[in-house]
Amino acid sequence: SASCVDGGKRRVSYYYDPGIANVDYGEGHVMVPRRVAMTHALVSSYGLLPDMKRLRTRPATESDLRAFHGASYVELLRSINPESYRLNLDQAKTRAEERGVGRVKTKENGDNYDNPVIDGLWDYCLSYAGGSLAAARALACGESDVAINWSGGMHHACRAKASGFCYVNDIVLAIQRLLARFRRVLYVDIDVHHGDGVEHRFRREPRVMTVSFHRYDGVFFPTTGEAADVGQGEGLYHALNVPMKAGMDDEGYLNVLFRPIMARVMEVFAPDAVVLQCGADSLSGDAIGGFHLSVKGHAACVAFLRSFNVPLLLLGGGGYTINHVASCWCYETAVAVGKEKEIPDDIPYHGYEHYYKDQGYKLHYAVDKKNGRKDVSGLEKIKQDALKNLSMLRP
Ligand code: TV1
Ligand code: CA
Ligand code: ZN
């Protein structure tokens, strides 16, 4: 409709559970769920909440999780806690570690503490999965044009295994819900890591196309997502991977890869709904990412997909320099409601302003230019590989 052209208004739903502020992966862990509380405080202080409908903060149920996850894995998540794990009650230790939870021994580089047994693990899983399911429901029933859950986006979790800080895969659950209402669902993943869990679930499903942009160099986690990985069987060419070396900046990422590739995806796949995982670890200065996107560059991906006027689900994901994450997701919330040009660069007082000292108390911080990528030539090859895979999708 005329009111729904690009830059125009959208009906936006926003999910936030304040319980996220108390979720703690443990001292020294890079995943800090409090970044979502910081995002919310910023969104609120910038006055963006009245522009959105607040969703009911209903947690997922055990049967919601069972729509993807295995029964004994769900039972493990429900029953385990730091105490039962430590005391190895009822073989809790073995049962957890076999499924990627707790201290996991690896052949190569010693122990892996990515997915600790944390206090409130079960409630945390139900909360972020519930948010993404509620957001999917708001789109499916036609109540909203855009729905947001910054606590979601946990793309690595498998059917019966935790991986890469992710215990349950809220994205898979949300896409499955969208499939009940929409014929074709597009999944796009701008987290610096490969969206392996989501891709694997839908690798044979022609109604879902998964597209991941990520760092790929043979060692960077999870080491999958090469260009030749294109889906299987009925889902052949419905998985698209755009692997890049460290150092990507706005220019190469957006102009050479994201916009041209996504324009073609929208044309050939013509989705009825889009799910965008907005992992903020692709931003410049991230503690583990190694890319150099600015907040405006990252948000340009959101704006680009929003401009197609297809129901859009925005989810969080990675992001390990937490002030950058909150800046980014707050700005992307403004993009969702069409007010990104109206919010001032000065960070308002909101209780977390001291985190922004290093960025001069500004929303938009300076990107690291000197480590940015200089050779755009290698990117042309990456783009050609992607466009070639996409051309196979044509009937
Ligand atoms: C505890 C304390 C855990 C400090 C984990 C970085 C830590 C990492 C930590 C870390 C860290 C990873 C691997 C290990 C495979 C494993 C939310 C044998 C300083 C979506 C998940 C990355 C990314 C997992 C998740 C990765 C997401 N990197 N400090 N762990 N090896 N794990 O490499 O995509 O962003 O880093
Ligand atoms: Ca990705
Ligand atoms: Zn990531």
Side-chain angles (χ1 to χ4, degrees), residues 12-25 27 29-59 118-120 123-124 127-128 130-132 134-135 144 146-154 165 170 191 277-281 283-287 294-296 298-299 302 313-365:
V12 181
S13 286
Y14 173 86
Y15 174 90
Y16 175 69
D17 176 356
I20 193 79
N22 306 315
V23 179
D24 186 357
Y25 276 67
E27 207 182 305
H29 202 290
V30 285
M31 176 53 100
V32 179
R34 201 176 62 253
R35 70 212 168 114
V36 178
M38 291 168 61
T39 302
H40 179 74
L42 259 190
V43 165
S44 172
S45 298
Y46 270 116
L48 295 168
L49 290 178
D51 291 304
M52 303 185 286
K53 178 167 178 166
R54 292 284 293 281
L55 292 175
R56 273 193 307 270
T57 57
R58 189 202 301 159
I118 60 182
D119 266 325
D123 289 339
Y124 169 55
S127 167
Y128 76 77
S132 298
S144 303
V146 182
I148 302 174
N149 176 28
W150 296 129
S151 301
M154 306 306 270
F165 319 154
D170 60 296
D191 189 289
Q277 195 269 20
C278 301
D281 47 7
L283 290 172
S284 183
D286 187 77
S294 70
V295 165
K296 281 183 180 152
H298 197 274
V302 178
L313 176 50
L314 298 179
L315 301 172
Y320 306 101
T321 301
I322 61 179
N323 46 317
H324 295 175
V325 177
S327 284
C328 183
W329 290 345
C330 173
Y331 187 70
E332 289 173 346
T333 305
V335 167
V337 302
K339 286 204 169 163
E340 72 270 31
K341 299 213 171 64
E342 290 167 43
I343 61 167
D345 198 20
D346 289 315
I347 296 274
Y349 289 101
H350 65 296
Y352 293 102
E353 57 284 339
H354 53 285
Y355 281 88
Y356 298 83
K357 186 170 191 291
D358 290 348
Q359 58 188 78
Y361 303 101
K362 301 288 184 195
L363 193 65
H364 298 284
Y365 61 91

Distance in Å, Leu363 CG paired with Asn323 CG, rounded so as to fall on 0.5 Å steps = 11.0 Å
Between Val36 and Val23, does a side-chain contact (heavy atoms from CB on, under 4.5 Å) hold up when you go through it step by step?
-> CA-CA 10 Å; Val36 178; Val23 179; over 6 Å; no
Judged by atom type as modelled, is there a donor-acceptor pair below 3.5 Å linking the side chain of Trp329 to the main-chain atoms of Cys278?
-> yes
The salt bridge (charged side-chain N to carboxylate O under 4.0 Å, His left out) partners of Asp51 (sequence neighbours excluded) come to Lys339
Within the side chain of Asp170, is there an N or O that forms a donor-acceptor pair under 3.5 Å with the backbone of Tyr128?
-> no
Exercise: identify the closest heavy-atom pair between His298 and Cys328 = ND1-SG, 3.3 Å
Are Leu314 and Val146 side-chain neighbours, meaning at least one heavy-atom pair lies under 4.5 Å?
-> yes
Evaluate the criterion side-chain contact (heavy atoms from CB on, under 4.5 Å) for residue pair Lys362 and Ile347; output intermediate values, then yes/no.
-> CA-CA 5 Å; Lys362 301 288 184 195; Ile347 296 274; 5.5 Å; no
Do the side chain of His324 and the main chain of Asp281 share a donor and acceptor less than 3.5 angstrom apart?
-> no
Separation of Leu315 CG from Trp150 CH2 (nearest 0.5 Å) = 8.0 Å
Between the CE atom in Met31 and the CD1 atom in Ile322, the distance rounded to the nearest 0.5 Å is 11.5 Å
Can you tell me if Thr39 uses its side chain to pair, donor with acceptor, with the backbone of Cys330 under 3.5 Å?
-> no
Residues Ser132 and Asn149: closest non-hydrogen pair is OG-ND2, 2.9 Å
Are His364 and Tyr331 close enough that their ring centres sit under 6.0 Å apart?
-> yes
pair Leu283-Val295: side-chain heavy atoms closer than 4.5 Å = yes
Distance (rounded to the nearest 0.5 Å) between Ser327 OG and Tyr356 OH = 5.0 Å
His350-Tyr355 aromatic ring centre distance below 6.0 Å | no
Closest heavy-atom pair, Tyr25 versus Met154, reported as atoms and distance to 0.1 Å, is OH-CE, 3.8 Å
What pair of heavy atoms forms the shortest contact from Val12 to Ser144, and how long is it?
-> C-OG, 4.5 Å
Name the orientation class of the two ring planes belonging to Tyr14 and His40 (parallel below 30°, tilted from 30 to 60°, perpendicular beyond 60°).
-> parallel
How about Pro348 and Leu42: do any of their side-chain heavy atoms sit closer than 4.5 Å?
-> yes
Nearest-0.5 Å distance that lies between atom CD1 in Ile20 and atom CZ in Arg34 | 11.5 Å
Hey, is the main chain of Gly351 close enough, under 3.5 Å, to the side chain of Glu353 for a donor-acceptor pair?
-> yes
Heavy-atom donor-acceptor pair, Asp286 side chain to Tyr320 backbone, under 3.5 Å = yes
Interatomic distance, Tyr46 atom OH to Glu342 atom CD [nearest 0.5 angstrom] | 13.0 Å
Smallest separation among heavy atoms of Pro33 and Tyr124, with atom names = CG-OH, 4.4 Å
Contact summary for Asp191 and Gly317, nearest pair of heavy atoms | OD2-C, 3.9 Å
